[in-house]
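Before any comments, here is the structure.
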Amino acid sequence: MHPLDNVIWQALTTRQTQFAEGHDRARRFVREVTLLGALVEDTPEGYADFARVLRTGGTGALFLDEPYEPRAGWEFVAGAPLLQMVFENGGNSTGRGDSGAEIVAQTAAEIAELGVQDSPEMIELTSLTKPGPFGTRTHELGTYLGIRSEGKLVAMAGERLKVSGHTEVSAVCTHPEHTGKGFAQVLMTEVMRRIRDRGETPFLHVRGDNERAIAVYKLLGFRERKFGHFAVLRKA
């Protein structure tokens, strides 16, 4: 199996076992870290184990190869088409798009490393911009970087899933009042640089219908690898 196939399961059973809880056929990240979970296989037995992990009323999020189909005992909360993209050598990873200005050179904002003391602001920003599940301990998964304006966190990006030879770029978001300034590209470029300096390959997930974001990621050197689906489920 390729490291990026069933990637949440592989993360929870290899490089990020310290954040995992679950059974033989289903696991999830500790709730405070993220809602993400995974099944070893998309089977009734896998969902039964996932139900035991979540318990009644619990909520979890899965990456699926096919659209979620209704199942007894589960409530479908939300979902979306999902595209996995992986960085390809030779791509444009400098943050300079073909569309024009050299974003990195033009953006003088200082990049800061974020940590536990910044968690409340990170939660506030991700709650507003909704880049994906983000909890009070998500920052523990890897390096998170941010840009501040007048002391307020207005943009961030970081690392989430980690599997053999690969680290995911995640939580890329910018406050609506500060879009168009190149902050997201600058932060992504720096996160990607640090991943590549460790000898790993960056990858990411994006809504499959977010054409604008996909175009930006292609400019940064990512290529489409796999289409799938994202589903947030609640155990009834």
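Please read all numbers here as calculations on a predicted model, not as lab measurements.
One hydrophobic cluster holds both V30 and L36 under the rule that ILVMFWY side chains link at heavy-atom gaps under 4.5 Å. Both V154 and V216 belong to a common hydrophobic cluster when Ile, Leu, Val, Met, Phe, Trp and Tyr are linked at side-chain heavy-atom distances under 4.5 angstrom. M188 is connected to I147 through a chain of hydrophobic side-chain contacts under 4.5 Å among Ile, Leu, Val, Met, Phe, Trp and Tyr, so both are in one cluster. No continuous path of ILVMFWY side-chain contacts below 4.5 Å connects V7 to L39, so the two sit in separate hydrophobic clusters. Note: the hydrophobic cluster containing L62 does not contain V77 (ILVMFWY, side chain heavy atoms under 4.5 Å, direct or indirect links).
Side-chain N or O atoms of D49 include none that pairs as donor or acceptor with a backbone N or O of H23 at under 3.5 Å. At least one donor-acceptor pair closer than 3.5 Å links the side chain of R15 to the backbone N or O of V163. Checking side-chain atoms of D118 against main-chain N and O of E121 turns up no donor-acceptor pair under 3.5 Å. A side-chain donor-acceptor contact under 3.5 Å links Q84 to the backbone of L4. Of the possible polar contacts, none joining the E159 side chain to the G142 backbone as a donor-acceptor pair under 3.5 Å is found. Counting only distance, with no hydrogens or angles, the side chain of E140 and the backbone of V116 share no donor-acceptor pair below 3.5 Å. Here the side chain of T17 pairs no donor or acceptor atom with the backbone of T13 at under 3.5 angstrom.
By the salt bridge (Lys or Arg N to Asp or Glu O under 4.0 Å) test, E32 is found to be paired with no residue, residues two or more places apart in sequence or in another chain being considered. In this structure F227 satisfies the ring pair (Phe, Tyr, Trp, His ring centres under 6.0 Å) test with no other residue, sequence neighbours excluded. For R193, the salt bridge (Lys or Arg N to Asp or Glu O under 4.0 Å) partners at least two apart in sequence or on another chain are E190, D197.
A salt bridge is defined here as a Lys NZ or Arg NE, NH1 or NH2 lying under 4.0 Å from an Asp or Glu carboxylate O, and E200 with K162 fails to meet this definition. Taking the charged nitrogens against the carboxylate oxygens, E177 and K152 have no contact shorter than 4.0 Å, which rules out a salt bridge. Electrostatic pairing of R71 and D42 counts as a salt bridge here, judged by a charged N lying under 4.0 Å from a carboxylate O.
You'll find the side chain of V206 reaches within 4.5 Å of the side chain of M85, heavy atoms only. Using a 4.5 Å cut-off on side-chain heavy atoms (C-beta onward), T174 and T129 make no contact. Residues D209 and P81 meet the side-chain proximity criterion, which asks for heavy atoms closer than 4.5 Å. Within the 4.5 Å cutoff, no side-chain heavy atoms of T201 are placed close to those of I195. L83 places none of its side-chain heavy atoms less than 4.5 Å from the side chain of R207. You'll find the side chain of H139 stays beyond 4.5 Å of the side chain of L114, heavy atoms only. Side-chain contact between V172 and L187: absent, with no pair of heavy atoms (C-beta onward) separated by less than 4.5 Å. Residues L233 and Y47 have side chains in contact (heavy-atom distance under 4.5 Å, counting atoms from C-beta outward).
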(request) Test side-chain contact (heavy atoms from CB on, under 4.5 Å) on L125 and C173 and set out the steps. (result) CA-CA 8 Å; L125 183 60; C173 55; 3.9 Å; yes

(request) Give the intermediate values and the outcome of side-chain contact (heavy atoms from CB on, under 4.5 Å) for residues L35 and R31. (result) CA-CA 6 Å; L35 291 178; R31 183 174 180 82; 3.6 Å; yes

(request) With side-chain contact (heavy atoms from CB on, under 4.5 Å) as the test, would you mind laying out the steps for F19 and T138 before giving the verdict? (result) CA-CA 10 Å; F19 300 110; T138 303; over 6 Å; no

(request) Take E45 and R25 through the salt bridge (charged side-chain N to carboxylate O under 4.0 Å, His left out) test and state the conclusion after the steps. (result) CA-CA 7 Å; E45 294 79 11; R25 290 171 293 204; 5.4 Å; no

(request) Apply the test side-chain contact (heavy atoms from CB on, under 4.5 Å) to residues H229 and L82: give CA-CA distance (whole Å), side-chain angles for both, the deciding distance (0.1 Å), then the verdict. (result) CA-CA 5 Å; H229 298 268; L82 189 71; 5.5 Å; no

(message) Would R194 and E113 count as a salt bridge (charged side-chain N to carboxylate O under 4.0 Å, His left out) here? Give the steps.
(response) CA-CA 12 Å; R194 297 187 185 200; E113 288 202 17; 2.8 Å; yes

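Here the straight-line distance linking atom OG of S149 with atom CD of E110 works out to 12.5 Å at 0.5 Å rounding. With rounding to the nearest 0.5 Å, the separation of CD in E41 from CG in D65 is 11.0 Å. Once rounded to the nearest 0.5 Å, the distance linking OG of S127 with CE of M122 reads 11.5 Å. For the atom pair E69 CD and L64 CG, the distance stands at 10.0 Å (nearest 0.5 Å).
Closest of all the heavy-atom pairs between E21 and V53 is O-CG1, 4.1 Å. Smallest separation of non-hydrogen atoms from P3 and Q10: O-NE2, 3.2 Å. Taking both residues in full, the closest heavy atoms of A26 and F50 are given as CB-N, 3.3 Å, listed atom of the first, atom of the second, then distance. Of all heavy-atom pairs spanning I8 and L161, the tightest one is CG1-CD1, 3.9 Å. A pairwise comparison of heavy atoms in R234 and T59 identifies NE-OG1, 3.5 Å as the closest pair. The shortest non-hydrogen separation linking V169 to M192 is CG2-CG, 4.0 Å.
In summary, the aromatic rings of H205 and F63 are positioned with their centroids under 6.0 Å apart. Ring centers of F203 and F87: at least 6.0 Å apart, outside the cut-off.
Both tests hold for R27 against W9: distance to the six-membered ring centre under 6.0 Å, angle to the ring axis within 45°.
Aromatic ring orientation, Y144 versus F134: perpendicular (interplanar angle above 60°, classes split at 30° and 60°). Note: F222 and Y217 have perpendicular aromatic rings, judged against thresholds of 30 and 60 degrees for the angle between ring planes.
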